[in-house]
2 protein chains.
Amino acid sequence: MISSPPFHETLDLSLCGSMGRVFRLCRDAVTLAVEPLGLTQSRWTAMIHIHHLKQGVTQQELASSLGIEMPSLTRTIKQLEQQAIIVRRIDSDDKRSRKIYFTEQGLLLLDALRDIMAEVKTQLYAELTTQQLDTMAYGLVQMEANARRCISHFSGEQ
Amino acid sequence: MISSPPFHETLDLSLCGSMGRVFRLCRDAVTLAVEPLGLTQSRWTAMIHIHHLKQGVTQQELASSLGIEMPSLTRTIKQLEQQAIIVRRIDSDDKRSRKIYFTEQGLLLLDALRDIMAEVKTQLYAELTTQQLDTMAYGLVQMEANARRCISHFSGEQ
DNA sequence: TTAAACTAGTTAGCATGCTAAGTAACTAGG
DNA sequence: CCTAGTTACTTAGCATGCTAACTAGTTTAA
């Protein structure tokens, strides 16, 4: 396990700047790799989550899974629908909500996407052990909880 | 050291989705905490980097330190200047470049900002050991390198 | 049963990142 | 010394996140 003090300082500099930069780079790497499929970051991310949540998911559930707000999702969903990758059907039990399904063409695209992502994932995680990845993932979850607590702390104070 | 397999899977789901979400949350926590100072995320981040790089830094150097592109910085710099937090002076040795300095008012704001950030940082890093933070920071640096290699791989291929 | 409150989704408009393309100043080769 | 290329910065416009405020169904409670 290589552990170098300077890295910790790098992270400290802007607190979350490193994370943002790495996030953008990883996202760009995937987006570039899937470019032949005509997908942008928000669109391929949504497709992967729809797949994991199973078809028939509502926009609310999808937004929650993606960790974004509903209005952010609306735009992406509209684009996926225009590209005929998904269709939405109004839920007969609750006419407010719309359930999402892949089209046949969408399913084909999803397969291609998953193949490419598997390859990119391997490249992005290169040189990192499972233990390191777990520590990072654990740290992210912990920081997420900390940040949420911190946000309610400062919102409540006003 | 707590290491839980499910977390790794969480990270895997959208590859970099967790990182983006945690990044946004941490950023929002700081931005909320410094809200009384009238600063947005891009502005406080830039201020911290200017401080670390020492005054008289050029926009080019600052953009590089922030890990963003010049046009993204232009907007932020303009706002900081309008708020009279910084001033820019054309470099007499190279009239293309502009050096950045804090105003007196800007320095006062910087002090207040740094105090608040120190507190928020403590909260965001709560429950995480130095070793865990180092592993995360190391992982981020490694992933950044991987992502850059991946990006040139896919750009070169076209 | 009907008015009030809630919930799913949308629209409008802001913040911040980006790329592409333009301007002005510097540098290098003939 | 002048043209060609490079560099620092700006402008314009796109992508994706957000909040606030709206519409239209659903639920709750008097």
Other than Val87(A), which residues form its hydrophobic cluster under the rule that side-chain heavy atoms must be closer than 4.5 Å? Tyr101(A)
Taken to the nearest whole Å, CZ/Phe23(B) to P/dT16(C) is 11 Å
How many whole angstroms separate atom CG of Leu80(B) from atom P of dT16(C)? 10 Å
Within the 4.5 Å heavy-atom criterion, are Leu73(B) and Glu69(B) side-chain neighbours or not? no
Given atom CG of Leu39(A) and atom C1' of dA15(D), what is their separation to the nearest angstrom? 14 Å
Taking OP1 and OP2 of dT16(D), is either one under 4.0 Å from a side-chain nitrogen or oxygen of Ser42(A)? yes
Looking at residues at least two apart in the chain, or sitting in another chain, which of them share a side chain to side chain contact (heavy atoms under 4.5 Å, CB included) with Thr122(B)? none
Partner set under side-chain hydrogen bond (donor to acceptor under 3.5 Å, both in side chains) for Arg43(A), not counting sequence neighbours: Gln79(A), Gln83(A)
Round to a whole Å and report the spacing from CG of Asp28(B) to P of dA15(C). 14 Å
Within 45 degrees of the axis of the six-membered ring of Phe23(A) and under 6.0 Å from its centre: does Arg27(A) put its NZ or CZ there? yes
Could you encode protein contacts along nucleotides 1-12 of chain D as a string, one character per nucleotide from 5' to 3', using B for base contact, S for sugar-phosphate-only contact and - for no contact, with a heavy-atom cut-off of under 4.0 Å? ------BSBBBB
Can you tell me the distance, in whole Å, between the CD atom of Gln82(A) and the C1' atom of dA15(D)? 15 Å
Specify the separation, in whole Å, of atom CZ of Arg24(B) and atom C1' of dC14(C). 16 Å
Evaluation steps, side chain to side chain contact (heavy atoms under 4.5 Å, CB included), between Val30(B) and Met117(B): CA-CA 7 Å; Val30(B) 178; Met117(B) 283 194 66; 4.1 Å; yes
Have a look at Thr40(B) and say if it touches a base, only the backbone sugar-phosphate, or nothing, with a 4.0 Å heavy-atom cut-off. sugar-phosphate
Can you confirm whether Met136(A) sits close enough to Leu140(B) that some side-chain heavy atom of one is under 4.5 Å from a side-chain heavy atom of the other? yes
Distance below 4.0 Å between Gln41(A) side-chain N/O and dG17(D) OP1 or OP2: yes
Contacts of Glu127(A) that satisfy side-chain hydrogen bond (donor to acceptor under 3.5 Å, both in side chains) - sequence neighbours left out: none
Per nearest nucleotide of DNA chain D, the residue lying toward the 5' end, Thr76(A) or Asp91(A), is Thr76(A)
Atom CG of Leu66(B) and atom P of dG17(C): how far apart are they, to the nearest Å? 8 Å
Starting at CD1 of Ile68(A) and ending at P of dT16(D), how long is that distance when rounded to a whole Å? 10 Å
If an axis is fit to five pairs at each end of the helix from dT1(C)-dA30(D) to dG30(C)-dC1(D), what is the angle between the two, to the nearest 10°? 10°
Does any non-hydrogen side-chain atom of Phe102(A) lie less than 4.5 Å from one of Leu109(A)? no
State whether Ser72(A) places a side-chain N or O below 4.0 Å from either non-bridging phosphate oxygen (OP1 or OP2) of dT16(D). no
